[in-house]
Amino acid sequence: MSIADTMINDATIDEARPALLRALEAVIFAAAAPVTLGDIAAHVGERGDLATLLRELAESYAPRGINLVERGGRWQFQTAPDLAHHLRPAREAVRKLSRAAVETLSVIAYHEPVTRPEIEEIRGVAVSGGTIDVLMEAGWVRPAGRRETPGRPLQYATTPGFLAHFNLSSRRDLPGLADLKAAGLLEREPPRELALPFSGENE
Amino acid sequence: MSIADTMINDATIDEARPALLRALEAVIFAAAAPVTLGDIAAHVGERGDLATLLRELAESYAPRGINLVERGGRWQFQTAPDLAHHLRPAREAVRKLSRAAVETLSVIAYHEPVTRPEIEEIRGVAVSGGTIDVLMEAGWVRPAGRRETPGRPLQYATTPGFLAHFNLSSRRDLPGLADLKAAGLLEREPPRELALPFSGENE
Amino acid sequence: MGDDPFDTPPRTPAQTLVLQLGAWEGPLDLLLTLARSQRVDLAQISILALVDQYLAFIRDAKALSLEIAADYLVMAAWLAYLKSALLLPPDPQAEPDPHDMALKLQFQLQRLAAMRDAGAKLLARPQQGWDTFVRADPEGLMFETTARYDTSLFELLSVYGAIKARNSKSIHVVRRRAVMALDEAIERLERLLGASIDWTELSRFLPRDLADEGYARSVLASTFVAALELTKLGKASLSQGAAFAPILVRARE
């Protein structure tokens with residue numbers, strides 16, 4: 001593509017921007033589920049830098065009661081979290097996750113893809129039946145292929161639904177992820193330079 | 001309510017206006033069905049002139065791809081009507097015509113206007129209704145009146161779309177039998193169907 | 001209601017365990033709790049002290065003559081071994097190195113604590129359907145698929161050519177139908193022969209002036225075979241003086 005072509009294209013896009021933003025809004029609003037860039041492009045056409053436009057649109061919605069958010073590469077509208085008190089059904093029991101389920105979920109989220117033996121090693125107990133099922137039923141955890149090691153154990157990972165449910169744009173937004181990584185706590189083996197634990201033994 | 005109360009209320013409302021507008025947005029957005037003023041008040045509380053606020057909100061959404069509209073006293077968000085084509089865009093799927101369809105088409109082109117029994121006679125096999133439907137869907141064949149013979153069978157002919165697709169300026173541009181023979185097209189393809197004796201029965 | 005005997009679940013050994021150890025999800029969980037009672041910063045805990053705490057806890061539980069699950073006892077034995085290895089003078093041959101084992105234990109405790117913490121933080125985040133809400137009943141996106149048919153003129157013409165070629169073959173079939181069937185030939189020859197007992201040339205029974213050469217050949221062949229058939233049936237006699245000489249035929253009594 002020549003420079004002239006690029007310029008012409010850019011001009012066209014600039015002119016079409018408001019219309020494109022409107023189309024983006026409408027497509028994401030009408031979608032039955034969070035949509036990827038590809039889904040959006042399939043509906044509005046491959047025009048301009050959709051990712052940039054989406055971020056711009058999200059910004060314009062930020063102060064509103066409805067927000068445009070990205071969850072694991074998928075875009076959706078949702079209500080602003082601070083307005084929950086207007087929207088919560090008066091009496092609805094939140095289904096409590098068991099402690100084992102929460103722990104298993106965080107192990108999968110921070111270590112994915114992770115095998116069941118690894119989950120058991122980290123938690124120090126066998127994963128009881130019903131824990132992973134519950135997480136899969138909630139749509140937060142999925143089987144993620146087999147590891148190419150002896151026994152070819154099944155691995156687990158989180159889903160876009162997990163990110164959406166916990167209002168995470170991506171796995172990078174997992175709370176404390178960077179710190180845990182820096183501390184070597186997401187490795188499978190202790191880092192060699194880990195402080196000696198029995199420094200107090202000779203005190 | 002005293003005038004002083006009203007004034008205090010108005011002041012409070014003015015301060016709370018942006019928050020109230022956000023709450024309105026969220027409530028209408030998240031509702032399972034279009035909501036009445038009463039429904040909204042039940043969620044955000046009896047504050048200020050909801051009807052006026054709603055109209056204001058609707059105005060702020062008017063240029064967007066999502067509109068806030070009132071239908072019979074119920075409020076709802078919906079996509080802007082002019083964007084419908086993005087929500088159900090037409091997608092073209094290129095399809096190949098079946099051999100039977102191409103044969104039928106060629107018979108219609110060379111013999112139009114022609115009835116179905118005549119097509120069958122020329123092709124030597126029965127023509128299924130679906131075959132002619134496909135040709136009509138492709139925009140190449142049209143019904144061309146009834147023949148004034150017993151049973152008044154429907155006749156078929158080709159369309160201008162047919163000529164356009166095959167780059168023909170008129171049906172006279174179709175090569176004659178002699179041309180076909182000269183071009184080697186008469187023997188080009190062995191007939192797929194067996195030459196059943198009944199193919200000659202009508203001659 | 002509480003008096004209903006059916007409301008009281010039966011006591012089982014497992015439940016006895018729940019009373020004492022049920023607060024922990026296994027030995028590692030117990031160790032983590034003990035470590036936290038030592039220090040908040042798990043990186044600073046004393047493994048030797050932790051081992052002592054664990055062993056003391058198990059000893060007390062035994063003193064209460066509670067059943068202790070096997071995995072707690074296995075951990076106790078392993079920790080006792082680790083303690084003795086750590087207290088012995090360093091042995092460079094020791095495999096695995098007890099210091100590495102201690103390091104690993106500490107790592108596991110830190111990791112478990114980190115995951116617990118992460119789980120709590122995760123649950124503290126705004127959650128879909130509780131803090132944030134999406135549209136209840138979106139229309140959904142769809143595609144209107146329209147078919148575009150693609151056929152070339154060459155395809156169209158060659159197919160028509162093929163139909164025509166097929167039809168000309170079928171005309172050939174029609175000509176082959178202009179034959180005199182054997183049945184017809186037998187019936188005809190028998191009728192013409194009548195009761196004639198004079199030898200007559202077979203060719204004289206052929207119809208004259210047949211314009212269609214193909215049909216004429218068919219009649220000749222059929223009539224000849226008919227003569228053979230009638231002879232076989234004992235209704236006629238055949239005679240030929242020499243090869244390629246005229247064939248003579250007559251009726252037989």
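Chain identifiers are assigned alphabetically (A, B, ...) following the order of the sequence lines, protein sequences preceding nucleic acid strands; residue numbering begins at 1 within each chain.
- Between B:E59 and B:R55, none of the side-chain N atoms (NZ, or NE/NH1/NH2) sits under 4.0 Å from a carboxylate O, so this pair counts as no salt bridge.
- Under the 4.0 Å criterion applied to side-chain N and carboxylate O atoms, B:E118 and B:R123 are not assigned as salt-bridge partners.
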(request) Test A:E120 against A:R116 for salt bridge (charged side-chain N to carboxylate O under 4.0 Å, His left out), laying out the working first. (result) CA-CA 6 Å; A:E120 294 180 337; A:R116 188 159 144 162; 3.8 Å; yes
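- Across all non-hydrogen atoms, the minimal contact from A:A109 to A:F162 is CB-CZ, 3.8 Å.
- Cation-pi geometry between B:R64 and A:Y61 is met: the NZ or CZ atom falls under 6.0 Å from the ring centre, inside 45° of the normal.
- In this structure, chain A has a heavy atom under 4.5 Å from the side chain of B:L83, while its backbone stays farther away.
- Residues satisfying the salt bridge (Lys or Arg N to Asp or Glu O under 4.0 Å) criterion with A:E148, sequence neighbours excluded, are A:R152.
- We find that A:R171 and A:E112 are joined by a salt bridge, their nearest charged nitrogen and carboxylate oxygen being less than 4.0 Å apart.
- Using non-hydrogen atoms only and a strict 4.5 Å limit, the part of residues 28-45 of chain B facing chain A consists of B:F29, B:A30, B:H43, B:V44.
- Interface remark: B:N67 contributes no atoms to any contact with chain A (heavy atom separation under 4.5 Å).
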